[in-house]
Visitor: 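Provided herewith is a single structure, encoded as structure tokens, for subsequent inquiry.
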Amino acid sequence: MPNGYNARAAEFHELAAHAHRAAAAHHGKEDHMSGHEQSRQAMEHANKAHVASQQAFAESQKAAAKHSKS
């Protein structure tokens, strides 16, 4: 199910980007505590995106290996 993993990775990347934009806006308004929380959330989403990307890659490799044996 590579498409599922790719979709999850894309979703987490978008969530991370949104959290980064929100953090920048809070920092720009000198609301540093909210900015730090948004930055923390962005890092969490980025880490989840990385894991989902690795899973998608692993599934793609399995599918390619299975296909090449056929």
Side-chain angles (χ1 to χ4, degrees):
M1 175 162 90
N3 286 338
Y5 290 115
N6 287 332
R8 278 184 52 81
E11 181 181 344
F12 285 126
H13 280 294
E14 183 54 38
L15 288 170
H18 173 72
H20 278 295
R21 289 188 298 270
H26 285 290
H27 280 295
K29 295 178 184 175
E30 297 189 19
D31 183 4
H32 297 292
M33 290 306 288
S34 294
H36 287 293
E37 176 62 18
Q38 292 290 333
S39 293
R40 184 193 61 75
Q41 287 179 356
M43 181 58 84
E44 286 179 14
H45 292 308
N47 287 336
K48 288 178 183 179
H50 177 68
V51 169
S53 294
Q54 287 179 320
Q55 290 172 332
F57 180 72
E59 290 298 315
S60 293
Q61 284 184 314
K62 286 179 190 176
K66 190 175 184 180
H67 181 69
S68 68
K69 290 181 183 178
S70 300

Visitor: What residues join L15 in its hydrophobic cluster, counting side-chain heavy atom gaps under 4.5 Å, either direct or through other members?
Guide: F12

Visitor: Using every non-hydrogen atom in the two residues, find where A19 and Q41 come nearest and quote the distance to one decimal.
Guide: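 Of all heavy-atom pairs spanning A19 and Q41, the closest is CB-C, 4.3 Å.
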
Visitor: Can you tell me how far apart CD (Q38) and CZ (R21) are? Round to the nearest 0.5 Å.
Guide: 11.0 Å

Visitor: Side chains of M43 and R40, heavy atoms from C-beta outward: is any pair under 4.5 Å?
Guide: no

Visitor: So how far is it from Q55 CD to H50 NE2, rounded to the nearest 0.5 Å?
Guide: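 Here the rounded value is 10.5 Å.
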
Visitor: Locate the shortest heavy-atom distance separating S39 from A23; write the atom from each residue and the value.
Guide: OG-CB, 3.5 Å

Visitor: In Å, rounded to the nearest 0.5 Å, how long is the span from NE2 of H13 to NE2 of H45?
Guide: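 The NE2 atom of H13 sits 12.5 Å away from the NE2 atom of H45.
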
